[in-house]
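A short worksheet on the structure shown next.
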Amino acid sequence: MKHHLEHLLSSALIGLQQGGGLAADIELPSHIPVERTRDRSHGEFASNVALTLAKTVRRKPRELAEHIAAALPASDKIAKVEVAGPGFINFYMTPAAFQGVITDIMAQGPHYGRSTVGGGRLVQVEFVSANPTGPLHVGHGRGAAYGAAVADLLEAVGYKAHREYYVNDAGRQMDILATSVWLRYLELCDEAFAFFPSNGYKGEYVRDIAADLRGQHGNALHHPIAQVMQDLPPDEPAGGDKEAHIDALIARAKQLLGAAAYRQVFDLGLNDILEDIREDLREFGVIYEEWFSERSLFESGAVDRAVARLQASGHLYEKDGALWFRSTDYGDEKDRVIVRENGQKTYFAADIAYHMDKMERGFDRVIDVWGADHHGYVPRVKAALAAVGDDPSRLDVLLVQFATLYRGGEKAQMSTRSGEFVTLRELRHEVGDDAARFFYVLRKCEQHMDFDLDLAKSQSSDNPVYYIQYAHARVCSVMRQLQEKGLHWDEARGRANLHLLTETHEQALMLGLSRYPEIVEMAALNHEPHQLAHFLRDLANDFHTYYNAHIFIVDDSLLRDARLNLIIATRHVLRNGLTLLGVSAPEAM
RNA sequence: GCGCCCGUAGCUCAGUUGGAUAGAGUGUUGGGUUCCGAUCCCAAAGGUCAGAGGUUCGAAUCCUCUCGGGCGCGCCA
């Protein structure tokens with residue numbers, strides 16, 4: 001309907017130009033803006049072309065608007081055109097124009113709202129990508145729900161989405177995990193140590209992995225604790241440096257176990273945790289096309305090639321024994337180390353290789369969903385792409401702020417330092433997957449959000465998820481009651497009598513339904529699933545108020561069938577929208 | 001100290017990319033309703049869009065500064 005009006009306006013302008021009513025030499029805007037009105041007293045749609053064009057053609061906006069309105073081709077969808085305010089052109093649509101929406105929805109069903117504006121272009125969406133050093137926590141949950149919704153939305157508007165999880169299976173943090181696992185394993189072998197490394201991973205899950213390790217290897221990996229700790233630099237509680245202590249401990253583990261056995265410990269920890277994360281996300285309805293290994297970038301030589309490309313571009317230099325990338329050439333705050341003094345490549349080096357690989361894989365667009373705490377990292381990644389001649393504007397980095405959990409009006413978040421953070425799994429079990437998915441995307445991503453656990457759990461209309469799902473279930477319930485009364489719904493007869501839907505509530509509901517494709521497109525292109533979430537709540541509200549104002553199962557079979565068409569169409573849209581957000585649409589609650 | 005994000009009704013948040021009288025939910029107050037399924041409907045009150053300048057026909061939206069909050073500023077990942 002919106003596109004219809006844009007088309008009419010466009011031909012009106014061309015007509016004016018050809019008829020001499022408008023200077024022929026001015027350039028018409030390529031896209032004529034038509035907007036939904038905020039207020040029904042302004043009609044259903046409005047355009048401000050006259051205002052935006054007034055300056056270039058040096059005419060009064062209102063006068064220009066009158067001319068354009070007069071030049072509009074006739075349309076059976078328009079009841080009235082009005083020039084109002086400073087020069088808006090307001091469109092009042094005929095009831096028939098909105099009734100047609102119902103027919104469209106019934107014909108398209110699950111496809112209603114989908115479009116092809118993406119043109120089949122390839123978009124990669126990388127999200128979560130948490131280090132496999134422990135279970136996902138509630139912060140990762142928001143990235144998961146958000147990234148999944150963005151990818152699904154993009155697919156709905158015709159992109160081909162490639163969902164990817166970057167697995168940081170190389171690097172120091174993983175060594176710390178492997179060493180932590182081994183130490184817990186030694187405990188299971190009846191070794192006792194004075195205190196666990198302050199920089200080690202202390203979560204309970206590390207003991208589980210250690211038990212797994214012992215189950216597979218028995219005592220084969222056992223070494224006396226005295227030997228492990230011999231001559232190590234002291235840990236922080238003992239007055240030393242915790243970083244130096246843990247690094248020495250890692251080196252000792254590698255030395256005592258040997259490369260092969262160490263790798264076994266390392267991989268067991270990695271695989272156990274990764275399997276847990278996979279399972280967690282799958283239960284959350286988040287699935288990936290690809291799990292991309294950081295380690296594979298080293299093994300395939302991709303990191304070396306990335307360094308070589310930067311080298312060839314002339315943006316690397318040596319200082320203090322390390323190899324630096326002059327990222328300041330591309331707007332970064334400071335230059336960054338690529339290869340450390342000890343010869344090890346930094347995480348950044350691997351990430352450059354990873355992003356070069358993304359570009360080489362031929363994605364039209366690349367989206368990274370990161371926690372907001374990584375925002376300082378954006379300029380250096382873009383700098384690296386620019387340095388080797390890739391186009392950094394192909395990469396969008398979407399930053400997701402953390403969520404603060406509230407329970408009983410109090411913050412429910414525990415410190416991450418102690419390892420006693422709230423896991424995503426705990427959250428899912430507490431409030432349910434549907435509520436978690438929905439609440440996470442209810443706010444725009446760069447907004448800090450308060451996650452009210454009590455509200456998410458409540459089975460009342462105060463809870464937006466419940467409210468929306470209930471609207472869906474309520475339609476199903478009406479259909480069940482129809483059957484109980486021995487009646488049946490004749491869709492064709494309903495379609496033929498849509499003109500009977502003249503009530504204010506019915507008009508409002510149809511207006512809402514007609515907005516859905518626009519909402520999906522906007523939410524997708526702007527990466528804003530919250531737009532869809534809010535729309536669904538409004539639509540559910542329109543439906544519930546309709547339900548409360550009118551009986552659907554009336555004696556007049558023509559009106560009854562028309563109304564049933566309307567509510568079934570509503571059910572389609574509710575289901576389609578909820579599905580895009582990863583929320584179920586139950587038939588009964 | 002520097003950089004990024006944020007600041008909208010008592011609370012939680014929208015605001016269609018610069019448009020018309022700034023909205024929704026919740027909470028408060030008053031009235032009505034209890035009928036397919038957990039109620040729902042109507043009304044009122046509630047705002048210096050953090051503050052101050054600027055850009056223009058027009059600013060919550062764009063620019064500058066100030067205040068307040070979050071995050072970041074490793075040869076960690």
Side-chain angles (χ1 to χ4, degrees), chain A residues 2 33-39 41-42 46-48 51-52 54-55 60-61 84-88 90 129-131 133 168 170-176 199 243 247 294 319-324 332-334 336-351 371-379 399 401-402 404 406 409 442-452 455 459-464 466-467 470 473-475 477-482 484-485 515 518-519 522-523 526 528 530-531 533-535 537-538 541 544-545 547-554 588-589:
Chain A
K2 200 166 151 183
V34 171
E35 292 179 335
R36 295 269 174 179
T37 55
R38 254 185 256 270
D39 192 332
S41 69
H42 296 136
S47 178
N48 63 351
L51 280 82
T52 55
K55 193 187 257 177
K60 287 180 187 154
F88 290 101
N90 292 341
S129 299
N131 280 351
T133 53
N168 299 126
R172 182 163 171 266
Q173 293 304 323
M174 285 305 297
D175 279 322
I176 295 176
N199 222 13
E243 306 288 352
D247 281 338
E294 177 189 3
K319 192 181 86 179
D320 304 333
L323 193 61
W324 296 70
D332 196 9
E333 289 175 19
K334 50 165 78 171
R336 310 292 174 178
V337 170
I338 295 293
V339 182
R340 279 183 256 165
E341 196 178 4
N342 65 10
Q344 288 218 311
K345 277 122 191 150
T346 59
Y347 171 84
F348 180 43
D351 216 14
D373 53 334
H374 285 72
H375 67 80
Y377 205 77
V378 179
L399 301 169
Q401 290 286 348
F402 295 121
T404 310
Y406 283 85
L442 193 52
R443 309 291 175 229
K444 55 183 169 195
C445 69
E446 68 266 31
Q447 187 75 255
H448 293 106
M449 73 176 258
D450 290 342
F451 193 125
D452 186 337
L455 183 61
Q459 307 240 319
S460 78
S461 59
D462 292 344
N463 180 349
Y466 185 86
Y467 190 66
Y470 182 51
R474 201 169 222 180
V475 176
S477 167
V478 170
M479 299 312 283
R480 283 193 294 270
Q481 282 162 30
L482 183 76
E484 282 166 20
K485 291 182 177 179
R515 286 178 63 206
E518 297 161 27
I519 296 291
M522 183 166 52
N526 296 331
E528 292 179 337
H530 76 276
Q531 303 257 20
H534 280 99
F535 166 82
R537 203 188 47 186
D538 291 344
N541 180 50
H544 285 305
T545 56
Y547 177 92
N548 286 306
H550 299 283
I551 303 283
F552 306 153
I553 306 178
V554 291
M589 296 175 72

Nucleotide of [options] approaching [X] most closely (side-chain heavy atoms):
X: Y466(A); options: G72(B), G25(B), A38(B); answer: A38(B)
X: R474(A); options: A38(B), C40(B), G74(B); answer: A38(B)
X: E333(A); options: G3(B), G74(B), C6(B); answer: G3(B)

How many whole angstroms separate atom [atom1] of [X] from atom [atom2] of [N]?
X: I553(A); N: C35(B); atom1: CD1; atom2: P; result: 16 Å
X: H544(A); N: U33(B); atom1: NE2; atom2: P; result: 23 Å
X: I551(A); N: U34(B); atom1: CD1; atom2: C1'; result: 13 Å
X: D538(A); N: G25(B); atom1: CG; atom2: P; result: 8 Å
X: R336(A); N: C75(B); atom1: CZ; atom2: P; result: 8 Å
X: K345(A); N: C76(B); atom1: NZ; atom2: C1'; result: 18 Å
X: E294(A); N: C76(B); atom1: CD; atom2: P; result: 14 Å
X: D373(A); N: C6(B); atom1: CG; atom2: C1'; result: 16 Å

With sugar-phosphate meaning primed atoms plus P, OP1 and OP2, does [X] contact a base, only sugar-phosphate, or nothing at under 4.0 Å between heavy atoms?
X: Y377(A); value: base
X: N342(A); value: nothing
X: S460(A); value: nothing
X: A322(A); value: base
X: E446(A); value: sugar-phosphate
X: F535(A); value: nothing
X: T133(A); value: nothing

Taking only residues two or more places apart in sequence or in another chain, which ones pass ring-ring contact (aromatic ring centres under 6.0 Å, His included) with [X]?
X: Y377(A); answer: F348(A), W370(A)
X: H550(A); answer: H505(A), Y546(A)
X: H544(A); answer: Y467(A), Y470(A)

Here's a test for you: under side-chain contact (heavy atoms from CB on, under 4.5 Å), which of H530(A), Q531(A), M449(A) qualifies with K444(A)?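 The passing option is H530(A).
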Starting at the 5' end of RNA chain B, which residue's closest nucleotide do you reach first, H374(A) or P61(A)?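 Looking at RNA chain B, the more 5' nearest nucleotide goes with P61(A).
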What one-letter contact string describes nucleotides 12-20 of chain B from 5' to 3', where B marks a base within less than 4.0 Å of any protein heavy atom, S marks contact via sugar-phosphate atoms alone, and - marks no contact? SSSSBB-BB
Excluding sequence neighbours, so at least two apart, what forms side chain to side chain contact (heavy atoms under 4.5 Å, CB included) with A349(A)? V303(A), I338(A), K345(A), T346(A)
Under 3.5 Å, side chain of S477(A) to main-chain N/O of A473(A), donor-acceptor pair present? no
Determine the Euclidean distance between corresponding P atoms of G23(B) and U66(B); express it in Å to zero decimal places. 33 Å
Go ahead and write out RNA chain B as dot-bracket, 5' to 3': ( ) for pairs within the strand, [ ] for ones crossing earlier pairs, | when the partner sits on another strand, dots for unpaired; Watson-Crick or G-U wobble, both distances under 3.5 Å. (((((((..((((.....[...)))).(((((.......))))).....(((((..]....))))))))))))....
Think K319(A) has a side-chain N or O under 4.0 angstrom from the OP1 or OP2 of C75(B)? no
Give a yes/no on whether any side-chain N or O of T346(A) is located under 4.0 angstrom from OP1 or OP2 of G74(B).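 No, because none of the side-chain N or O atoms of T346(A) sits under 4.0 Å from OP1 or OP2 of G74(B).
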